[in-house]
Each structure stands twice: as C-alpha cells, then as structure tokens.
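Notes follow the structure.
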Amino acid sequence: MLLGRDEVLAEAAEAGESARSGNGRWLLFGAATGMGRTALLEEVVRQVAADGGMRVLVARCSPEESTFPFALVRQIFSEAEVGTGTGPGPGFGLGAEDIPFTDPPAAEEQQTFHRLVASLARTAGRRPVLLAVDDLHDADTVSRRWIGYLARRLAGLPVLLVLTECLENGATALPRATGTSVTLRALAPSAVTRLALAGPARTGQQDADRAELCVQACAGNPALVHALLADLREGPLPGRLSDLAGHRYRDVIGHWLRARATPRSRRVSLALAVAGDGLTALGGRLLHEAAGLGPDSPATPPDTSGLRRLFSHPLAREAALAAAEPAELDALRRRVARLLDEQGAPAAQVAAHLLHIDRPGEEWMTQSLEDAAEDAVRDGRTDEATALLRHALTAHLAPGRRAGLTLRLAALELPHSADAGIRRLRAAMELHAEGDERAAVAPALGAALVARGRTDTAMHVMHQVGSAIEDDELVRAFQTTAALMASHDAIAWRNAVARMRELAATAPAVIEPLACGLVTEYEVGAGELSAAEAMTRVLPRLKAPVVPRLRTGWLGSAATLLQWADRLDEARALADECLPAPPVLPDLTDIGRQCLISVRAEAALWAGDFRRVIAENTPLLDACTGQGLHMPHLVSMVALAHFELGHRAHARRLVAALDEVSADSSWEWNELRYARASMHLAEGSWQAALDDYLSCGRGQSARDFVSPVATPWRSGAALALVRLGQPMRALDLAEEELRHARTWGTPRTVGRALRAHAVAMGGRRGLDSLHEAVAVLRQAPAPVELIETLLDLGHARIGAGNGRKGREDLHEAHTMALRLLAPDPAPDSASDSDSAGGRQPADAAVSAPVTGRLVRATENALRTGGARRTNRGATGSAALTDAERRIVELAAMGRTNAEIGAALHLARRTVETHLTNAYRKLGVTRRTQLASCLDGAGAGTPSVARDITALA
C-alpha cells in the first residue's frame, strides 16, 4: 500500500506524457532512508509504462560499485541490450569496447557521453524510453556526471528519466529547465493510521492504540511503520524494545545508523537518543556540540526536525542506543550531561546520563548526582536516590567527601536493610582517623544500632569514639547524645541520667537544654514532678539556641514532655518541624528524629486521629518489615489505630509479627505489651490482658518509671482484675495509679485513673469517681478516655436507678464516637483510606463509623441500656434509625414497597416515608444505590434484613 504519494504520482504521469510526445523530462525523488523511495520508483514505472508504450530500463546503484567508473552506465547499456550496431534492431548500437573501464580525460569523456546519449536517442526514437535509476547517491562519479549530461539534453528526446537518492548524502544538482526535484516528506498521521489499520482486525481500542503507537514511534517513516507492525504482538502495547515480538523495528534503525546514515546524521541521531526527554534543551548549536561535530562542520546545522520527532519516542531511542558502540555512547553521555548542567537543567536530567557512565570523573558530576538524590528523597523516590548516591561513590573522592556521601546513603539504606545500613556507617567512620571527625559519624551509627535493637553495641561505639575527642564542648555534646540513646537500656539509662545531672550544672547554654530535658523525663517517669513543674523547665528553653548536632535530640525530649503534659498540638508541631511528610521516610540515623517519630504517632493516637497515625507511619513500617528494624513502639501505635477503626485482625497481626525473644529493656517493648494488653481487654480476654499489663509494669519499674503518664498499666490491670473477680487487688492498683496521676496532674492521667478507681470501688463512691472523671476529662484532648468513661458512667447511673441520665450519657458517648471515627470529608485526603499507601487490611470494612471499636461499644451499650438510638450528629448510614435501616436493607435486596410493608406489617405510605428520609440521609436518588451505601454498615450487629427475610 502506497499512501500519501498521490501528488507525486500525478506529477510522474504528467512527465511521462510529456516524454511520449517527444519532450523528455527528469524526476528526482529525494528522501531520507526508509521513506519509500524504491517503492515509489517501482510504482511510477508500473503506472507510466502500464500500457507497454514505453521501453523500461532499470538500474540500481550500490556502494560496492561506487568506485568503478561507468558502473551505472554499464548497467544501462548492458550486453543484453547491445544490438547489431547498424540495423534497425532494438539495441543501442554500442559495443562493450565503447564504454571505458577507467576515468577518461575530459575530451574523451565528452566523446563517450555524446555517443551514449546519441545511442539512447536513436533507441527512444523507435520507442519512448523510461530510464529508472534507484539510489543515485551510490553511483560512481563518472556515471553521475553522465546523468547530468543527459538531463541537460532531454528537451526534444522521448525519454523520461526517473531517479531516487538519499538526501542525507547530499542533493544532486540537475537543470531545472528539463525536470523537477521532489522531496518525499514523512507520511501524515492519517496515512500512518491507514497503514496500521490495514492489518488483521483486532478490537477497536487495540487498533486505535497500535495506530497511535505507529504515529508516535515512526515519525511518518513507512519502513519503520511496516517493521513495527510486523513486530507488534497481541496484548498491551510495549513499554520497552524488548517487549516487541520481533526485531525488525530495531534492525531498521540499527542498519540505517551502522550502514546508511552519514557521520553527521549518525552523531546527531545518537545525541538525540542519548539526550532523551532533555533533548528540547539541545537546540541548534547545542545539539551540534552534543553530537561531537568538529569545527569544520557547517556553522548552521541542517534541519533535524525529522530526527527529533523520531527520537522523541523511547522505542526509537532504545533502538538507536543498541546500535551504538559503548565508547561512543559514553562520550556522548558525558557531553550531553555537561551541556545540560551548563544550561541549568534539573539535576535529575543531568544525573540520568551520568548513571550510565562507568565512573564520574569530575566534581560537577558527583555534585549533580548528589543534588539529584536529594530531590528524589524529597519526592519519596528512595530507590532512585539510593542508586544515584551509590554511583556517586564510584568516583575518586577525598575521604571527607566520601564519608559524607556514605553517611547519606546509609540513612537511605537503613530502613530497607538494617545490616547493610550499619555496614555502610561503619565504613564511613573508618574513613576518618581523627577523633573529632569520627564523632561526626558515630552518632549516626549509634542511632542505627539502637533502631536495630543493639543498644549495648551503640553505647560501646559512643564510649570508644567519645574517649578520643579532645574538644571539651564536643565531648559534652557527644555525652548528651549518648544519654539519649541510653534511654533504650534500663541500666545505661540510670547511669546516663546521673551524668546528665552533673553536666546540666556546668554545660554551655547551647548544650544544657537537652541535658535538662533528659533529666526531666527521668524525674517525670519516677513520679517526682508535676506537669506544671516540667513545663517550667521546658517552655523557656524552647526559645534558647541549641548546638545544631543536638537540636533534634532536644526537640524530641521537649516534644515527649509536651505530649505527656497533654499539649498535643505543640508536641506535634515540634515533630512536624523535623520530620518529612509521607511517603518520604524519616532519617533513622538521627536518634532525635527516632524520638520525634514516636511522639508524632502517639500524639495523634491520643487525639483520636487514628487514620493519621496509619497514614503517616505505615510507609516506614512497610519499608522496615523483615529488614531487621523492629520499631515496637511505632508498631504499637499503628496497631492500636487499626484496632480502634475496627481492623482487629490486622492489628493483631501487626503486634504478633514482633518477636519478643530478642526484646531488650527498651521502653519501646513496654509500649508493645501495653498495646497488646489494651486489645485483649477490649476483646474480653481478661487474663491475657492482665498478664500483659503486669509485664509492662515490670518493664517500666525496671526503668524507675512509675508514673501513669505513658503506659497506665495499673489502670488497665485494675479493670481486668475486676472482671476476673479480684476487686480488692484491683482497688490497690487503682489507688496507687490515682496517687501518681494526681502528682502529675494532667486531666488525661487523672481522669483515666479515676475511671479505674471507680470500677474497682463500685457503689456510690465509684459513681462519684466517674462523675469526677468525666468532669476532668472534658478539659483534656482525650476523646477516647472520655467516651469510655461516659459509657461506664451511663451504665452506673442506669444500675443505680437513674435510667434517664444514664441513657443521656450513653447517647453522648455514641455521638462522640461517631464524630471521632467518621472518615474525613475529602475523598483524596491521605487519612481517608483505611490503610496508608493504598494497602487495605484483609478484615477492613468499608464504613469506618460503624465498624470502629468505640461506635460498636456505644451501640451495644445503648441496646443493653434500653435506649432508643437518636443518631444525633451522625452522617450517612450511621444516621439511619432502626426502622429506616430495616426498610433500606430490604429495599437494597430488591424488595418492592408492598413486599416490605407486608414483611414488616407496615402501611405502604409508612414504608415510602421511611425510604424518603433514608434517601436524604444517604445522599442517594435511586434504589439501586442503597446496597453500596450499606456495604459493611451492619458489621458487628445482627442483620435485620436477614431475620425478616427468614420470617417472610
């Protein structure tokens, strides 16, 4: 199929008629390789000589004969065409001896040219001649001169001379008076589409996709279109060259680059292929320079629009790169990268070329790789950043420069492979010989070891390096950082606090805040300070300058104390100041940031923002899973958040995945035991809950941590003991908890302890404690504790005979639970999904408001307390009354209004009224939408529709 050439064929037909009438013409078809020159020549010959009225002579030039004088002429005047010489026969009347084999002198050449033209004229006089010459650019020099000689003498001869040549090799100059040069342009997209659709029929979309691929990847080149169509297989479109079923497309481009393209075209094409998406920056002279063209090249580069279109597609670029020599590509990539860098292109574009170079040889290359890695980290592309830094480290670097890059790379590798990250950090430290220089790396190694659960090794490293430091201020800063790490080991923590007390009295002002913060954390945990006293230490120091190497550590300590003091927003603000937003992973080689990660998660959990806990921390947990970093505190926070949202099985899997056989005395394992105990308690596993609460208590006591500010294990144990029938033992724990809680003095701790005390006490005194607990908790950002206490207060009031007040408490708890667990209104919010990163727990329900723990608990309480659900403040399916829900469930099953009325013994108008109200609450307009609105809405409650269906 020859498309897009109608005008050219019409012009050839007109030239043929002119030649038949005795007025010879020439046509020269010039085109790039693959544009169909030969196919067009053959079609012209077929159409013009179709009636047999013209004698056709065809000659095809080849590079192999381009050095032989008269090689083309000899094809035309071949032995087969030699006649008797003088008779009226069909021959030219020339013998083989009349065509020389050497390049004759000018005079002899003129005579030979004249005899050849005269012979051709005699033959054409008997019958018009169509002389077709393919690939004139490959003709020998003498024959090309004869073609020019003939073209100048065509007027008055019944000869049509049709020629083709490749424009990349230059254009042949022929006299315009006797002919026309035609440049074959690329096929239009419509013509390419017709070619693509001419093959076997597929689905409409498959045909359209393949046609569009041919348009984009072939730049209108017919040879490439046919090759690509031959290579395409069924199924999805190829993303890479290796996805093609065959190699024709690759071979066509490769053959052109290796055998047909001029050196200029080859270099320009490879430069465009190497530049890739950055080729738009390489215009004019820049492309000329990128291609490595010498100073003798033309000042104005030729038009490269066709090549630009072709190599803008990745398939064409891959094919071109596959045809190049490695050394050639290496040189091109270096030039392109340098030009992009000089033009101010984004670091990622520059680095994309440097990644293919064996070893970056100049500082600007290393810097570009590092800059691109930083950009990738900010965008959450950790794997890409890791590859960039690894390549940067292949360069010849000074020890300090290498250590800095190694340190940054280790921070990226650590979450994905703890052992690899730690090895990288050890290598970075070994690059330094001086103690002060090693001190810059040791804290990162120590933090990584702590995250790995090897706090003892971390302390050994810090002691070993610290003993070689000579600068006094650096020694104190180093000791303070080591003390922060020591908080993960019970014995080391006590010793570190003793040193911090001494240090705080003499340390410089820029070091003292962290020393003071660590001492304050210990004294708070030991029950020696109130929240007000702790804040008088923390708040003024937040405005004081701190040495940069201690800044995150100080903010981590301050944020911890602010969180304990129920100043959750301020604690989160400090964490957000130092931590990246997901999906970017935080730097675990910074012990202060490790602390801030914990604060950010726990503050959100305490505030009841469960989806935020999951969204912010799941990416880090996913990266660390199975890679040697346990992170029990973070696992605990995410598990509790899932549990509160109703993803109970997923929460249990998270905590069960941690192996406590390798647990050390870190406070993080106590948090895990507390979280596991809380889940047991909510599920009614009283003995398992008690065991974990007591285990948590033993772990905290080993650290001198008796305050209920972090893990109120006594309150939980007291609740479990009451259910186990041991109220006296429960009361002892509850009273001890309440005493410590009043020492600290925040509403959360006091209210929580009062609730446990009330449950253990029972009776009138217990009811009074619940009243006080509710009043106290209303002053705190403690929604979960307030809802739980309102439930207990409601049950206690109902049990004491005050049903109306008790049911009001239950309704308030239910309304608060609905609001707390309602999904965010913005559907694209990061916290709107049930699980961060798009990963849905296997048991996660679609509708969080009805599957959350607190909603389920309050609904059960309303049911057992004899209260009628009013659904105040509820939205969506949670806003339906029981009667509306029954009717909606049956309607969603396909029942008509009449069938629903018969099943529920209701008038049809009553059914219609309930459905109208339900449509409004659910925001739907038709019955077919009801099923999706109720999907998961009945989780945790009996299915009314199922019961009624059985009755019907």
Side-chain angles (χ1 to χ4, degrees), residues 645-646 648 787 790-791 794-795 798 803-823 843-952:
L645 291 174
R648 293 185 293 176
I787 292 169
L790 280 170
L791 285 174
H795 283 304
I798 293 172
R804 183 179 63 82
K805 285 286 189 181
R807 283 186 285 273
E808 287 180 358
D809 294 330
L810 299 182
H811 278 304
E812 182 183 359
H814 182 242
T815 300
M816 288 183 62
L818 288 172
R819 291 174 179 170
L820 181 66
L821 295 173
D843 60 326
V846 174
S847 182
V850 290
T851 59
R853 178 184 72 88
L854 293 173
V855 172
R856 189 167 54 247
T858 54
E859 287 183 342
N860 289 336
L862 285 169
R863 188 163 45 250
T864 58
R868 180 173 178 270
R869 282 178 43 185
T870 61
N871 303 315
R872 289 174 294 182
T875 59
S877 61
L880 299 177
T881 65
D882 290 338
E884 291 166 350
R885 181 178 295 278
R886 294 188 189 99
I887 292 171
V888 166
E889 287 180 339
L890 288 171
M893 294 170 62
R895 298 295 187 91
T896 65
N897 290 358
E899 291 172 337
I900 294 172
L904 298 178
H905 307 289
L906 297 173
R908 182 168 179 170
R909 183 176 296 277
T910 302
V911 173
E912 292 172 351
T913 300
H914 282 311
L915 275 177
T916 300
N917 291 335
Y919 279 22
R920 174 178 51 79
K921 293 177 180 179
L922 295 174
V924 301
T925 57
R926 58 180 67 92
R927 189 178 294 250
T928 54
Q929 296 172 302
L930 292 174
S932 61
C933 293
L934 289 178
D935 192 14
T941 60
S943 173
V944 177
R946 184 171 61 247
D947 296 342
I948 295 177
T949 301
L951 291 173

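Side chains are part of it too, since the values below use all heavy atoms of this structure and drop only hydrogens, waters and symmetry mates.
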**Prompt:** Stepwise, does the side chain to side chain contact (heavy atoms under 4.5 Å, CB included) test hold for L904 with T910?
**Reply:** CA-CA 11 Å; L904 298 178; T910 302; over 6 Å; no
**Request:** Carefully, step by step, assess E884 and L922 under the rule side chain to side chain contact (heavy atoms under 4.5 Å, CB included).
**Result:** CA-CA 11 Å; E884 291 166 350; L922 295 174; over 6 Å; no
**Request:** Please lay out, stage by stage, how R863 and E859 fare under the test salt bridge (charged side-chain N to carboxylate O under 4.0 Å, His left out).
**Result:** CA-CA 6 Å; R863 188 163 45 250; E859 287 183 342; 5.6 Å; no
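Here the straight-line distance linking atom CZ of R909 with atom OG1 of T916 works out to 10.5 Å at 0.5 Å rounding. Rounding to the nearest 0.5 Å places CD1 of I787 at 13.0 Å from CG of D809. Taken from OG1 in T913 to CZ in R908, the straight-line distance is 12.0 Å, to the nearest 0.5 Å. In this structure, the separation between NE2 on H814 and CG on L818 is 4.0 Å, given to the nearest 0.5 Å.
Taking all atoms of both residues into account, the shortest heavy-atom contact from L930 to A892 is CB-CB, 4.0 Å. When all heavy atoms of A891 and R927 are compared, the closest pair comes out as CB-NH1, 3.4 Å. The two residues H795 and A861 come nearest to each other via the heavy atoms NE2-CB, 3.6 Å.
The closest donor-acceptor contact from the side chain of R807 to the backbone of I798 lies at 3.5 Å or more, if one exists at all.
Applying side chain to side chain contact (heavy atoms under 4.5 Å, CB included) to L810 and the options L790, L862, T858 leaves one that passes, L862.
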